[in-house]
Amino acid sequence: MLETPFCLRVGHLLPYSMSDSNTTDFTNPSTFILLGIPGLETSHVWISIPFCAMYAMAILGNFTIVFIVKTEPSLHGPMYYFLCMLAVTDPGMSTSILPKMLSIFWFNSKEIDFSACLTQMYFIHCFTLMESGIFTAMALDRYVAICHPLRCSTILTNPIVAKIGLTMVLRGGMFALPYPILARQWPYCRTNIIPQPYCANIAVVNLACADARASSYYGFFMLFCVFGMDAILIAVSYIQILRAIFSLPTKDARLKTFGTCSSHLCAISALYIPNLFFSLLHRFGQNVPLRFHVLIANVYLLMPPMLNPIIYGVRTKQIRDRLLRLFTHEEA
């Protein structure tokens with residue numbers, strides 16, 4: 001079966017030898033066994049502490065972003081509406097994996113129903129697609145605001161922003177659907193052991209005892225035609241943005257204009273740079289222990305939802321000032 005050379009974040013996790021797994025005589029098991037982090041079972045409780053902290057920070061930070069944008073009329077604009085969409089999507093990614101992960105770490109509850117496994121797989125991909133789409137929409141917003149500032153209010157009206165957001169949600173839901181549909185049709189008779197704490201697509205499909213290349217082909221399609229298209233649109237937007245910035249007459253004007261894009265660029269970097277690193281690790285890190293792959297993959301799934309509100313809170317002056325006023329008012 002072909003491997004899908006995609007990042008660990010969306011669940012296309014490392015290959016492993018099926019000959020090393022326990023095999024049984026069953027066919028199409030009703031449950032799978034999630035091992036957590038292989039080789040670190042005795043440390044599961046301690047590992048759960050930073051994971052919980054990251055999740056709590058993600059929930060608090062993203063809720064704060066939504067609250068600030070909602071209560072501050074000056075922030076009622078396309079850029080901040082898209083930011084709210086991101087703040088709602090990010091915790092969804094973490095929530096799709098963390099509850100089951102903690103049940104494994106705390107209560108050794110390793111079984112997961114086959115349907116629940118496919119549902120988790122669906123939501124991992126759905127939220128990942130939504131996040132990628134929202135980043136693309138935010139790049140479009142920055143392009144319009146910088147390259148066509150006089151027409152920004154007429155191009156990105158509230159109804160248009162709402163339609164873009166709805167499109168990203170529907171896109172994520174529809175393109176994620178084939179993953180569990182394809183996984184459901186394969187017969188599973190090798191083993192029901194998944195060497196990680198959540199149902200990654202490639203880890204589940206690797207358990208199939210039939211030719212499951214259709215799942216791998218769809219993974220390639222998603223990588224190049226969907227995520228690749230998002231990356232191209234973001235790159236083209238920023239090429240045009242940089243051209244507009246460098247055409248400004250003064251250095252201060254260039255720095256001020258570029259500063260409006262810095263938060264978005266930092267958030268994209270926090271997503272795509274580790275994405276590239278893990279893709280290379282997946283392809284060339286065969287000698288790296290499995291537990292390292294799984295541990296880092298889990299950290300990366302929880303880190304962007306925690307980092308994004310910090311990035312936008314620190315680097316976006318309007319949000320930072322509103323947050324300072326909020327705390328100052330409460331202290332007064």
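Judged as a salt bridge (charged side-chain N to carboxylate O under 4.0 Å, His left out), the pairs with a partner in residues 148-175 (not counting sequence neighbours) are, in order, R171-D230. Screening residues 49-70 for salt bridge (charged side-chain N to carboxylate O under 4.0 Å, His left out) gives no qualifying pairs among residues at least two apart or on separate chains. Residue pairs meeting the salt bridge (charged side-chain N to carboxylate O under 4.0 Å, His left out) criterion with at least one member in residues 286-313, sequence neighbours excluded, do not occur. For residues 49-59, no residue pair satisfies the salt bridge (charged side-chain N to carboxylate O under 4.0 Å, His left out) rule, not counting sequence neighbours.
Rounding to the nearest 0.5 Å places CZ of F105 at 8.5 Å from CG of L98. Here the CD1-CD distance, from I193 to Q196, works out to 13.0 Å after rounding to the nearest 0.5 Å. One finds the CE atom of M101 at 10.0 Å from the NE2 atom of H44 (value rounded to the nearest 0.5 Å). Note: I160 CD1 to T154 OG1 = 10.5 Å, rounded to the nearest 0.5 Å.
Here the side chains of P197 and V294 are in contact, with some heavy-atom distance below 4.5 Å. You'll find the side chain of V204 reaches within 4.5 Å of the side chain of I194, heavy atoms only. Between N158 and Y81, some side-chain heavy-atom pair lies under the 4.5 Å cut-off. Counting only heavy atoms from C-beta outward, the side chains of F227 and L129 approach each other to under 4.5 Å. With contacts defined as side-chain heavy-atom distances shorter than 4.5 Å, the pair E131/F127 does not qualify. The shortest distance between side-chain heavy atoms of Y198 and L301 falls below 4.5 Å. Using a 4.5 Å heavy-atom cutoff, the side chains of V161 and D141 are not in contact.
Under 4.0 Å is where a charged nitrogen must lie from a carboxylate oxygen, and between E72 and R325 at least one such pair does.
The closest donor-acceptor contact from the side chain of Y122 to the backbone of G173 lies under 3.5 Å. In this structure a side-chain-to-backbone donor-acceptor pair under 3.5 Å is present from Q120 to S96. Checking side-chain atoms of S247 against main-chain N and O of A244 turns up a donor-acceptor pair under 3.5 Å. Remark: the backbone N or O of F258 is not paired with any side-chain donor or acceptor of S262 at under 3.5 angstrom. Side chain of T128 to main chain of I124: a donor-acceptor pair is present (N/O by atom type, distance under 3.5 Å, no hydrogens or angles).
Evaluation of the disulfide bond (SG atoms under 2.5 Å apart) rule for C52 yields no partner, not counting sequence neighbours. Every residue two or more places apart in sequence or in another chain that forms a side chain to side chain donor-acceptor pair (under 3.5 Å) with N308 is listed here: D90. Qualifying disulfide bond (SG atoms under 2.5 Å apart) partners for C117, counting only residues two or more places apart in sequence or in other chains: C199. Annotation: salt bridge (Lys or Arg N to Asp or Glu O under 4.0 Å) contacts of D321 (sequence neighbours excluded): K317.
The six-membered or imidazole ring of F32 lies near that of F114, with a centre-to-centre distance under 6.0 Å. The six-membered or imidazole ring of F221 lies near that of Y218, with a centre-to-centre distance under 6.0 Å.
In this structure, M229 places its CE atom where only 12 or fewer heavy-atom neighbours from other residues, nucleotides or ligands lie under 6.0 Å away.
The two atoms that bring S109 and I104 nearest to each other are O-CG1, 3.4 Å, heavy atoms only. Here the shortest heavy-atom pairing between I146 and C261 reads CD1-SG, 3.3 Å.
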Report all side-chain donor-acceptor pairs from residues 234-241 shorter than 3.5 Å, counting only partners two or more places apart or in another chain.
| unit_1 | atom_1 | unit_2 | atom_2 | d |
| --- | --- | --- | --- | --- |
| S237 | OG | L233 | O | 2.8 |
| Y238 | OH | H264 | ND1 | 2.6 |

List, one per line, each side-chain donor-acceptor pair under 3.5 Å for residues 55-69, sequence neighbours excluded.
| unit_1 | atom_1 | unit_2 | atom_2 | d |
| --- | --- | --- | --- | --- |
| Y55 | OH | T95 | OG1 | 2.8 |
| N62 | ND2 | A58 | O | 2.7 |
| N62 | ND2 | P305 | O | 3.0 |
| T64 | OG1 | L60 | O | 2.7 |

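In this structure, I49 shares a hydrophobic cluster with W46, the cluster being traced through Ile, Leu, Val, Met, Phe, Trp and Tyr side chains under 4.5 angstrom apart. Grouping Ile, Leu, Val, Met, Phe, Trp and Tyr residues whose side-chain heavy atoms lie under 4.5 Å apart, directly or via other members, leaves L255 alone, with no other cluster members.
Hydrophobic clustering of Ile, Leu, Val, Met, Phe, Trp and Tyr side chains at less than 4.5 Å, counting indirect connections, keeps V88 apart from L271.
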